[in-house]
Amino acid sequence: MKVLFVCSGGMSSSIVVKALKTEAQKHGTDMEVLAIGTNELAEEIQKGWDVVMVAPQIRHRFNAVKAEADKASVPCGPIPPQAYTPLGGPTLYKTVQQLVS
């Protein structure tokens, strides 16, 4: 599964990406996760992603990101703030699964 993770960058994003990948491995799911900023979104979203997740700190950009995802017919959802922590992997994984199914 390929997850495009739209965020503002920085250390917190890499921690959340790692938490999500670790949780996916526990469930026997191979997950490719790429964290990008909103500027690269339009180009990157055309590359066959299964789901787009939007980080809590850029929720003011959610509608713009969702519009791009809709154009590409890719499910898009916000990351619950409680999942945006080093321990948020299980919540984030569940959120991704719900969006994809």
Side-chain angles (χ1 to χ4, degrees):
M1 182 182 305
K2 292 176 65 174
V3 180
L4 188 58
F5 178 63
V6 184
C7 55
S8 58
M11 196 60 202
S12 59
S13 300
S14 60
I15 290 168
V16 174
V17 166
K18 187 172 186 219
L20 177 56
K21 284 182 164 182
T22 302
E23 187 64 24
Q25 285 171 343
K26 286 182 195 169
H27 288 85
T29 304
D30 186 29
M31 196 170 278
E32 179 184 335
V33 184
L34 175 66
I36 65 162
T38 52
N39 295 344
E40 301 90 11
L41 177 67
E43 203 175 291
E44 187 62 47
I45 202 166
Q46 301 302 324
K47 297 181 182 173
W49 295 92
D50 295 312
V51 65
V52 176
M53 301 300 297
V54 181
Q57 71 268 39
I58 61 162
R59 65 179 158 267
H60 60 284
R61 300 287 312 270
F62 180 77
N63 289 340
V65 172
K66 179 137 178 45
E68 287 294 333
D70 287 348
K71 273 193 242 172
S73 299
V74 178
C76 176
I79 293 173
Q82 69 273 21
Y84 205 77
T85 69
L87 301 174
T91 305
L92 189 47
Y93 181 79
K94 235 181 274 172
T95 305
V96 169
Q97 292 298 94
Q98 286 168 346
L99 279 166
V100 173
S101 60

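Only this structure's heavy atoms are used, side chains among them; waters, hydrogens and symmetry mates stay out.
To the nearest 0.5 Å, atoms CG (Asp30) and NZ (Lys2) are separated by 11.5 Å. To the nearest 0.5 Å, atoms OG1 (Thr22) and CG (Leu87) are separated by 11.0 Å.
Partners of Gln57 under the side-chain hydrogen bond (donor to acceptor under 3.5 Å, both in side chains) rule, at least two apart in sequence or in another chain, are Ser8, Tyr84. With sequence neighbours excluded, the residues that form a side-chain hydrogen bond (donor to acceptor under 3.5 Å, both in side chains) with Asp70 are Lys66. The side-chain hydrogen bond (donor to acceptor under 3.5 Å, both in side chains) search around Lys21 returns none, not counting sequence neighbours. For Glu68, the side-chain hydrogen bond (donor to acceptor under 3.5 Å, both in side chains) criterion is met by Lys71, not counting sequence neighbours.
Nearest heavy-atom pair across Thr91 and Pro80 is CG2-CG, 4.3 Å.
For residues 13-33, the pairs satisfying ring pair (Phe, Tyr, Trp, His ring centres under 6.0 Å) are His27-Tyr93, with sequence neighbours left out. Applying the ring pair (Phe, Tyr, Trp, His ring centres under 6.0 Å) definition to pairs two or more places apart or across chains, none involves residues 47-68.
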Mind running side-chain contact (heavy atoms from CB on, under 4.5 Å) on Val54 and Arg61 for me, showing each step along the way?
CA-CA 9 Å; Val54 181; Arg61 300 287 312 270; 5.9 Å; no
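Leu34 and Val74 fall within the same hydrophobic cluster, where Ile, Leu, Val, Met, Phe, Trp and Tyr residues are linked whenever their side-chain heavy atoms come under 4.5 Å apart, directly or through other members.
Residues Ile36 and Leu41 are in side-chain contact: their nearest non-hydrogen atoms beyond the backbone lie under 4.5 Å apart. Annotation: side chain of Gln97 is in contact with side chain of Met1 (closest heavy-atom distance under 4.5 Å). Between Met31 and Val3 the shortest side-chain heavy-atom distance falls below 4.5 Å.
Listed for the Glu23 side chain is no donor-acceptor partner under 3.5 Å among the backbone atoms of Leu20.
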